[in-house]
Structures are given as structure tokens and as C-alpha cells.
Amino acid sequence: MSHGLRALAIGSVMGVLVIGIIGAGASAGDATLDPRLAENPALRALHDRDPAAAASMLADIEALLAGPQAPRPRSLDTDEQVIETLMQNPILQEAYRRDPKATAKLIDVIRPSVEE
């Protein structure tokens with residue numbers, strides 16, 4: 001299996017695991033909640049509003065992290081809210097290092113949950 005296909009397969013498995021872990025956390029309470037939610041306030045806010053959306057977002061982040069490194073953009077218009085969200089969420093920082101444009105788009109989806 002090529003490295004790319006293996007990464008894609010691992011990303012898919014991780015996405016399924018993420019959905020299962022978050023689903024278990026949502027039904028069993030905070031004691032079993034995915035630790036990535038506790039470490040990432042923006043994702044936790046999204047989970048509090050919509051657990052399925054948080055599971056999907058974590059799966060998207062895991063796929064991004066498992067994928068190839070994106071080329072660095074020459075410039076990226078990053079506003080203060082994106083920077084603040086990155087500073088408070090280590091998993092998004094990691095994703096941003098892999099693919100800044102894709103991560104900025106994910107933050108745009110997460111941001112309404114944080115602002116509520």
C-alpha cells in the first residue's frame with residue numbers, strides 16, 4: 001500500500017474512531033469526553049452546541065493532519081479572531097502548520113460556536 005493510501009486509510013479509521021469517542025463522551029458525560037475537546041475550547045464550544053458537527057470537524061482535522069503537507073501560501077489574510085482561535089486550540093495550530101488555508105476555512109465553521 002502506498003504511503004498516500006495508507007495515510008488516507010489511517011485518516012478514515014481515525015475519523016470513525018473520533019465519531020465513536022465523541023458519541024460515547026456525549027452519552028456518558030464529561031468523564032469520558034474526548035480529551036481533544038478539553039484541550040481545544042473552540043471544538044468544545046462546537047461540541048456543546050452540536051456534538052455531531054464536532055465529530056465531523058475532528059474527523060476533518062484528523063484527515064487534514066494525515067494528508068500531505070500543503071504548499072505554504074505566499075500570503076494569507078488572517079484576522080485577529082483566527083489568530084486568537086489558533087492560540088487557544090493546539091489541534092488547530094497543528095492543522096494550520098499542515099495546511100493554513102484549509103484550517104482557516106475550518107475555523108470559519110467553528111467560530112460561530114465560540115462567539116455564542
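Values reported hereafter were calculated over all heavy atoms of this structure, with side chains retained and with hydrogens, waters and symmetry mates removed.
Nearest heavy-atom pair across Ile61 and Ala95 is CG2-CB, 4.3 Å. Pairing each heavy atom of Met87 with each of Gln93, the nearest pair is O-NE2, 3.3 Å. Of all non-hydrogen atoms in Tyr96 and Thr103, the two that sit nearest each other are N-OG1, 3.2 Å. The minimum heavy-atom distance between Leu92 and Asn40, with the atom names listed, is N-OD1, 4.3 Å. In terms of heavy atoms, Leu37 sits closest to Arg44 at O-CB, 3.3 Å.
Without hydrogens or angle criteria, Gln69 side chain to Arg97 main chain gives a donor-acceptor distance under 3.5 Å.
No side-chain heavy atom of Glu39 sits under 4.5 Å from any side-chain heavy atom of Ile91. The shortest distance between side-chain heavy atoms of Ile107 and Asn89 does not fall below 4.5 Å.
Between the CZ atom in Arg49 and the CD1 atom in Ile110 there is a gap of 10.5 Å [rounded to 0.5 Å]. In this structure, CD in Gln81 is found 12.0 Å from CG in Leu86, a value given to the nearest 0.5 Å.
Around CD of Glu80, the count of heavy atoms belonging to other residues, nucleotides or ligands within 6.0 Å does not exceed 12.
The cluster map of Ile, Leu, Val, Met, Phe, Trp and Tyr, joined by side-chain heavy atoms under 4.5 Å apart, puts Val109 and Leu65 in the same cluster.
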Start with the C-alpha gap between Arg36 and His47, add the side-chain angles, then the distance that decides, and say whether side-chain contact (heavy atoms from CB on, under 4.5 Å) holds. CA-CA 11 Å; Arg36 292 173 296 177; His47 176 267; over 6 Å; no
